[in-house]
Amino acid sequence: MSYPFKKIEAKWQKIWAREKTFSAKVGPQRKKYYLLEMFPYPSGKIHMGHVRNYTIGDVFSRFKYMCGFNVLHPMGFDAFGQPAENAAIKNKTQALAWTIKCINWMRQELKSLGFSYDWQREISTCLPQYYRWNQWIFLKMFERGLIFKKEAVVNWCPDCQTTLANEEVVDGSCWRCKTEVIEKDLEQWFIKITAYKEKLLEDLAKLNSWPERVITMQENWLGKSEGVEIYFKTKDTAELIPVFTTRQDTIFGATYLVLAPEHPLVEKIIKGKPQEKEALSFIAKVTKESKVVRTASDVKKEGIFTGAYAINPVNNEEIPIWVADYVLMEYGTGAIMAVPCHDQRDFLFAQGHNLPMRIVIQPKGQQPTASSQMTQAYEGDGIQVNSGQFDGLPNQEAKIKIAQWMEEKGMGKRTVHWRLRDWLISRQRYWGTPIPIIYCQKCGIVAVPEKDLPVKLPDKIKISGKGGSPLNYVKSFVSTKCPKCKSKARRETDTMATFFDSSWYFLRFCSPKFTQGPFDKKEAHFWMPVDQYIGGIEHAILHLLYSRFFTKFFKDLGWIDIAEPFQRLLTQGMVLKDGEVMSKSRGNIVDADSIMKKYGADSLRLFILFTAPPETELEWDGRAIEGCFKFLNRVWRIQDNLKEKAQDPLLKIMHKTIKKVSEDIEAFKFNTAIASLMEFVNAIYQSGADREIFLKLIIMLSPFVPHFSEEIWQRSGNKSSIFKTEWPKYDAECLIDELVTIIIQVNGKVRSKIEVPTEISEDKLKELALADEKLKPWMQNKPIKNLIVVPKKLVNIVI
RNA sequence: GGGCAAGUGGUGGAAUGGCAUACACGGCAGACUUAAAAUCUGCUGGCCGUAAGGCUGUGAGGGUCCGACUCCCUCCUUGCCCACCA
């Protein structure tokens, strides 16, 4: 007979909802703890990744609560975005209705897993009471010059007459109509996130409870690189070509220059050259290719000689100027100096086009070789050669000296380049926050006044997926009056990227119903920062960077006083089936609902926590979940076999278990915490538990299997919720062992074990060890060279 | 190409300088049962051995150390992230 999980789970979910067991209030009595899991996109069904993410959070939340913290543990829905819009197009329904239906379904599933959310704080980003504050934030940024408009390239389907997201471009064609996608320049809204790049980089140092790799990924994304901008004169024209390099130590080895095909100087320098026609047709060909094709790593680098020459300022050498597809206009200055011997891409290109090479860095301790002998570029450190007055210097030292010298001589100047681009936020889509801007014939671009917010998204419209932004076709939305001059005007029809919505939702959770601003300053002051944030590694860059940026912006606005939003971060691993990511397209989805029907939510929770540590990948094993179910039944049966008084050794095991479980939960080692609870249960089966010990076990199980534990707690005669009890404390005195097993090694190999009193002296221990009969055959009366004693652990005899 | 992880029984994993394989899955055996399921108990890395026991063993090779899954070096493999980024 298995325990009645269906009845129990439904019962307690009802009671928790009725009693509002997990609602959080500002108050000085308990220390605050803000625990947040990344909110889901309401796509319909919950998947195992969600189950994992939210179970990890739930255990921690319940644990912290029982440890005496005032826990804020909210949940909401990231409800704007393309899937709803696509569903609306496909099924000819409304995006709002579809989204609400999905939210209702998902909320139900989350509740059936027993998560301890404060449901009174639920938010959905697609509702005007949320997105009006997106618009408000937009306006504040606009006022401060942090939002601007400029042309940007988008993927464009000429047939659908609409922009496409990268993932909607399949093999260079539109996913819906298979037409070849082209690139098109459109006026787009941008956020000047680059204004915060220094702070975003600097403050990474404060995030010492974040995973190392997330910090590294953010650093790489910001991409600060220090180098020199060098000015190359052209031979026949007055133009200067600036080139950015981080390897100014290799300047004497620069044997040609390469410009990006879009470089503005290309046309000027090739004018009248014999190569002009050929070069122009090459450029036309390259610029037509989409970026996806051009940046594919397996494509051969192509290029062409322009007929023009540049002068290398350090040695006045004439070097040819080329145009090639591997140089990008977006990075640096759109022009590079090529050093084939010390840059692999330049090396391959020079070999392919018979361009000269010169070695200028010699690896330490190696014989000089000819550049013709090289099979690949040498990119490491070494000694300067063929570098004029810098010969013989280590290149790292030369780097600094050359930069100084070039600045003195006016050949270049030290510069810093960043990889970070400004953030394109406009989308030619329907299902997003309308951008609060009005275009007036007389006044130009006019911000919607704050009092007119929200600019409501019209909700009953037809969308076809064709003809650009759907809002263009809603007359009542588009036509308006200019807030300044009251003449006829047109509304912006672009909406915001959904990353905007999720960049500040953690602040909204502090006061989700506040109507005087995006959040109540007092509440945010109390709850922020988020003490623990939990989510997938796929958000390691964009979402986290944008959230950090918004936090810094709110700080500058004077709305909050913290610089970083997330104190501690946990990135959970993916859920795999047969070594592959679970996904619809692979058809290997294990549905949470059917598992819960068979074993209950508590068994599913226990399995997902027990089977792997949170950060690693989790391999789904249908049989292992049955083991978890059996374990719960095993615990359930203890109820009917309690003793009056348990034996002392069990009490000791209990204290050890309390220590281990408490420490493991705090460190997110849920798998070993559960393992030690299983060991505890095995010990109970050996010697029998009394009521007190059994209830301590149940309390420790309660964060993992809340319904199960509440039920046993109640059946044992307790009136209030188990989550109102205190987390058990261990008695340090109970942990002390009187006897300890000492390992005895001979030459590092275990040859014997002895039991000795814990507080034995070192000399006495030595004496006992050497007297051990079992060692005799290994010692063979040979002299002892060394004797290592590690107190309470081992003795190693070296002979 | 760069960065970051990881590699341990048949399987998921534990041990982060001191008894390798905790806990669980699977497998085998026993008890209970007319029988099965459920449950309880025991065994379960490989090789040699009837056994006691011995040897060997944490991707490969080397190093440091009395002692290495753990630290260092070289290499291999896998995963994730980034990338014609100068």
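Residue numbers start from 1 in every chain, and the chains themselves are labelled A, B, ... in the order their sequence lines are given, proteins ahead of strands.
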Quick one: classify the glycosidic conformation of B:G30 as syn or anti, with syn meaning within 90° of 0.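 For B:G30, whose glycosidic angle is more than 90° from 0, the conformation is anti.
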Output yes when at least one side-chain N/O atom of A:Arg419 is less than 4.0 Å from OP1 or OP2 of B:A86, else no.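 No.
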Is the shortest side-chain N/O distance from A:Lys749 to OP1 or OP2 of B:U56 below 4.0 Å?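 Answer is yes, contact under 4.0 Å.
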In Watson-Crick or G-U wobble terms, both distances under 3.5 Å, what is the partner of [N]?
| N | answer |
| --- | --- |
| B:C23 | B:G12 |
| B:G7 | B:C76 |
| B:G18 | B:C66 |
| B:G30 | B:C40 |
| B:G1 | B:C82 |

Spacing between [X] atom [atom1] and [N] atom [atom2], to the nearest angstrom:
| X | N | atom1 | atom2 | answer |
| --- | --- | --- | --- | --- |
| A:Met678 | B:G13 | CE | P | 15 Å |
| A:Lys197 | B:C85 | NZ | P | 20 Å |
| A:Leu787 | B:C65 | CG | P | 19 Å |
| A:Ile215 | B:G3 | CD1 | P | 18 Å |
| A:Leu606 | B:C23 | CG | P | 16 Å |
| A:Asp621 | B:C23 | CG | C1' | 15 Å |
| A:Asn682 | B:G42 | CG | C1' | 13 Å |
| A:Met217 | B:C80 | CE | C1' | 8 Å |

Minimum-distance nucleotide to [X] side chain [options: [options]]:
| X | options | value |
| --- | --- | --- |
| A:Lys630 | B:U39, B:A86, B:C23 | B:U39 |
| A:Val790 | B:C25, B:G18, B:U41 | B:G18 |
| A:Ile743 | B:C19, B:C4, B:G18 | B:C19 |
| A:Glu679 | B:C85, B:C23, B:C82 | B:C23 |
| A:Arg637 | B:C81, B:U39, B:C66 | B:U39 |
| A:Val750 | B:G13, B:C23, B:A20 | B:A20 |
| A:Trp221 | B:A15, B:G3, B:A83 | B:A83 |

Assert yes or no for the condition that the ring centre distance of A:Phe607 to A:Trp620 is strictly below 6.0 Å.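 A:Phe607 vs A:Trp620: aromatic centres under 6.0 Å.
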Distance-only donor-acceptor test, A:Gln745 side-chain atoms vs B:G18 base atoms, 3.5 Å: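 Pair found.
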For a quick check, tell me whether the side chain of A:Asn796 and the base of B:C66 share a donor-acceptor pair closer than 3.5 Å.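 When only heavy-atom distances are counted, A:Asn796 does reach the base of B:C66 through a donor-acceptor pair under 3.5 Å.
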Distance to the ring centre below 6.0 angstrom and angle to the axis at most 45 degrees; does that hold for A:Arg419 and A:Trp221?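 Cation-pi check for A:Arg419 and A:Trp221: passes.
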Listed by chain and number, what are the ring pair (Phe, Tyr, Trp, His ring centres under 6.0 Å) partners of A:Tyr599, not counting sequence neighbours?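 Result, ring pair (Phe, Tyr, Trp, His ring centres under 6.0 Å) vs A:Tyr599: A:Phe629.
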Under 4.0 Å between a side-chain nitrogen and a carboxylate oxygen: does that hold for A:Glu663 and A:Lys669?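 Salt bridge between A:Glu663 and A:Lys669, a charged N being under 4.0 Å from a carboxylate O: no.
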Would you kindly say whether A:Thr194 and A:Asp422 are connected by a side-chain donor-acceptor distance under 3.5 Å?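 Indeed, the side chains of A:Thr194 and A:Asp422 share at least one donor-acceptor pair under 3.5 Å.
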Which class fits the ring pair A:His353 and A:Phe349: parallel under 30°, tilted 30 to 60°, perpendicular over 60°?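 Ring orientation of A:His353 relative to A:Phe349: tilted.
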Across the strands shown, which category fits A:Asn633 at heavy-atom distances under 4.0 angstrom: base, sugar-phosphate, nothing?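 Since no nucleic acid heavy atom lies under 4.0 Å of A:Asn633, the category is nothing.
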